[in-house]
Amino acid sequence: MGKSQNAMLIILRTFDEPPEKLFEAWINPDIMKKWFFTSELTNIYTSSEPKVGGAFEILDFHDEEDYYVLGKYKEIDPPKKLRFTFKMPHINEAEDVIEIQIKPYESGCKMTFIQEIKIPTEVGLTEEEIETKLKEYHDQTEEGWGYIFDKLSKVLKTMREVSFYEKMLGQADLSNDYFNRDSNHERNF
C-alpha cells in the first residue's frame, strides 16, 4: 500500500425526531447496536464512552467474519454537534473524521453528515486513475451511508412508536378490563 488521497463526503438528511433523539442514537450503545454498521441480529459487542477522548467500538459478525468499527470522540456538543474518528480495520487502516451537525427542522431535525475520507491509493497510479478511484470510493461510501441512515430512520421510528404505545398503556385504566371482572361472576370456558 502506498499513499492516500483525501475526499470530502457531505450528506444532508431530515428525520422526524427532535435533535435530542437523533443525537442520542449516535452515542447510546443500546441504540447504536441496532443501526450503526450492525444490527441486533449480528451485533456481538457495542460500547460507547461519549466524552471527549472517549471511544466507541462495534463488533459485528456476518458472512463468517468479524467486522469492527472503531472511533474516538473529538467534540461533543449535545444535541447540536458530534465529531469523531472513524476506522474500519477490516477494510484498511485509514482513519477518517466524521462530523454530525443537527438542527431543529419543522417537526423534527436536519442532519448534516460530513466525512473527511482518507482513500488509500497505489503508488504509480496516473492522476486520471486516482480521480476515478476517488470518485468510485466517494460514491460507494455515500451509497453505504444512505442505507445506514435509512436503517437509523427506521430504528428511530420504531422507538417513537414503542414510546407512544407505552405511554398509552401507562394511561389505560385496566380496572374495568374483562379479565379483571368481579370474582363473583363465574366464567364458563
Side-chain angles (χ1 to χ4, degrees), residues 1-13 15-17 21-51 53-74 76 82-100 102 111-125 129-163:
M1 170 133 105
K3 57 185 181 172
S4 68
Q5 297 285 324
N6 293 327
M8 185 74 68
L9 174 64
I10 300 173
I11 301 173
L12 303 175
R13 190 77 178 242
F15 293 89
D16 293 332
E17 276 60 46
K21 295 288 183 188
L22 179 59
F23 191 89
E24 181 183 6
W26 279 98
I27 62 171
N28 181 327
D30 291 331
I31 303 172
M32 292 167 69
K33 71 181 179 184
K34 296 176 184 182
W35 71 273
F36 195 9
F37 281 92
T38 190
S39 75
E40 287 185 292
L41 297 176
T42 59
N43 181 262
I44 303 300
Y45 176 77
T46 300
S47 69
S48 175
E49 187 181 8
K51 65 179 185 177
F56 67 87
E57 180 179 356
I58 298 165
L59 172 58
D60 191 63
F61 182 80
H62 61 272
D63 300 328
E64 303 297 318
E65 232 177 299
D66 288 337
Y67 294 89
Y68 286 93
V69 176
L70 308 171
K72 289 199 177 186
Y73 296 107
K74 297 172 74 77
I76 300 177
L82 183 64
R83 188 172 169 81
F84 53 89
T85 62
F86 179 82
K87 185 176 182 177
M88 298 178 74
H90 61 279
I91 294 176
N92 62 52
E93 288 300 314
E95 187 173 80
D96 298 344
V97 176
I98 293 176
E99 183 173 309
I100 309 298
I102 304 171
M111 178 184 77
T112 302
F113 172 90
I114 304 165
Q115 183 174 4
E116 300 167 22
I117 308 169
K118 287 191 170 86
I119 303 169
T121 56
E122 295 84 25
V123 174
L125 292 179
E129 290 170 326
I130 290 173
E131 287 302 315
T132 299
K133 185 170 181 147
L134 287 172
K135 181 170 179 6
E136 287 173 357
Y137 200 92
H138 176 278
D139 293 349
Q140 290 170 357
T141 303
E142 183 174 38
E143 181 179 9
W145 280 114
Y147 291 128
I148 290 167
F149 296 154
D150 288 345
K151 192 185 219 182
L152 171 58
S153 185
K154 289 176 185 172
V155 166
L156 291 170
K157 180 181 179 192
T158 300
M159 289 173 56
R160 180 174 10 103
E161 290 170 351
V162 167
S163 177

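The basis for the numbers below is simple: all heavy atoms, side chains too, and nothing from hydrogens, waters or symmetry mates.
For the pair Leu134 and Ile117, the minimum side-chain heavy-atom distance is 4.5 Å or more. At a threshold of 4.5 Å between non-hydrogen side-chain atoms, the residues Val155 and Ile31 count as touching. Side-chain atoms of Ile27 and Phe56, non-hydrogen and from C-beta on, never get closer than 4.5 Å to each other. Using a 4.5 Å heavy-atom threshold, the side chains of Lys135 and Asp139 count as touching. Contact annotation: the side chain of Tyr137 never approaches that of Gln5 to less than 4.5 Å [non-hydrogen atoms, C-beta and beyond].
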Checklist line | Worked check of side-chain contact (heavy atoms from CB on, under 4.5 Å) between Leu59 and Tyr68 | finding: CA-CA 5 Å; Leu59 172 58; Tyr68 286 93; 3.6 Å; yes

Checklist line | From CA spacing to verdict: side-chain contact (heavy atoms from CB on, under 4.5 Å), Asn6, Glu116 | finding: CA-CA 7 Å; Asn6 293 327; Glu116 300 167 22; over 6 Å; no

Next item on the list: Test Glu40 against Lys33 for salt bridge (charged side-chain N to carboxylate O under 4.0 Å, His left out), laying out the working first.
Entry: CA-CA 6 Å; Glu40 287 185 292; Lys33 71 181 179 184; 5.2 Å; no

Note to self: side-chain contact (heavy atoms from CB on, under 4.5 Å), that's the test. Do Leu22 and Leu152 meet it? Break it down for me.
What the structure shows: CA-CA 9 Å; Leu22 179 59; Leu152 171 58; 3.7 Å; yes

Check: side-chain contact (heavy atoms from CB on, under 4.5 Å) between Val97 and Phe84: does it pass, once the steps are laid out?
Finding: CA-CA 6 Å; Val97 176; Phe84 53 89; over 6 Å; no

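Taking every heavy atom of both residues into account, Ile119 and Ala7 meet most closely at CD1-CB, 3.9 Å. A pairwise comparison of heavy atoms in Ala25 and Trp35 identifies O-NE1, 3.1 Å as the closest pair.
A salt bridge (Lys or Arg N to Asp or Glu O under 4.0 Å) check over residues 150-159, counting only residues at least two apart or in different chains, returns the pairs Arg13-Asp150, Lys157-Glu161. Contacts classified as salt bridge (Lys or Arg N to Asp or Glu O under 4.0 Å) and involving residues 56-74 (residues at least two apart or in different chains) are not found.
Phe23 contributes atom CZ, which lies 16.0 Å from atom CD of Glu17 (distance to the nearest 0.5 angstrom). Taking CD1 from Ile102 and NZ from Lys21, the interatomic distance works out to 13.0 Å, rounded to the nearest 0.5 Å. One finds the OH atom of Tyr73 at 6.5 Å from the CG atom of Leu82 (value rounded to the nearest 0.5 Å). Rounding to the nearest 0.5 Å gives a distance of 11.0 Å between CD of Glu143 and CD1 of Ile11.
With sequence neighbours left out, Lys118 forms a salt bridge (Lys or Arg N to Asp or Glu O under 4.0 Å) with no residue at all.
In this pair, His90 and Tyr67 present their aromatic rings perpendicular. The plane angle is above 60°, beyond the 30 to 60° band. Using the six-membered ring where Trp is involved, Trp26 and Phe36 have ring planes that are perpendicular, over 60° apart on the 30 and 60° scheme.
Under the side-chain contact (heavy atoms from CB on, under 4.5 Å) rule, Gln115 has a single partner from Ile10, Ile100, Thr141, which is Thr141. Checking Phe86, Phe15, Trp145 one by one against Phe113, the ring pair (Phe, Tyr, Trp, His ring centres under 6.0 Å) holds for a single residue, Trp145.
Side-chain N or O atoms of Ser163 include none that pairs as donor or acceptor with a backbone N or O of Met159 at under 3.5 Å. No donor-acceptor distance shorter than 3.5 angstrom exists from the side chain of Thr46 to the backbone of Pro29, with no hydrogens or angles considered.
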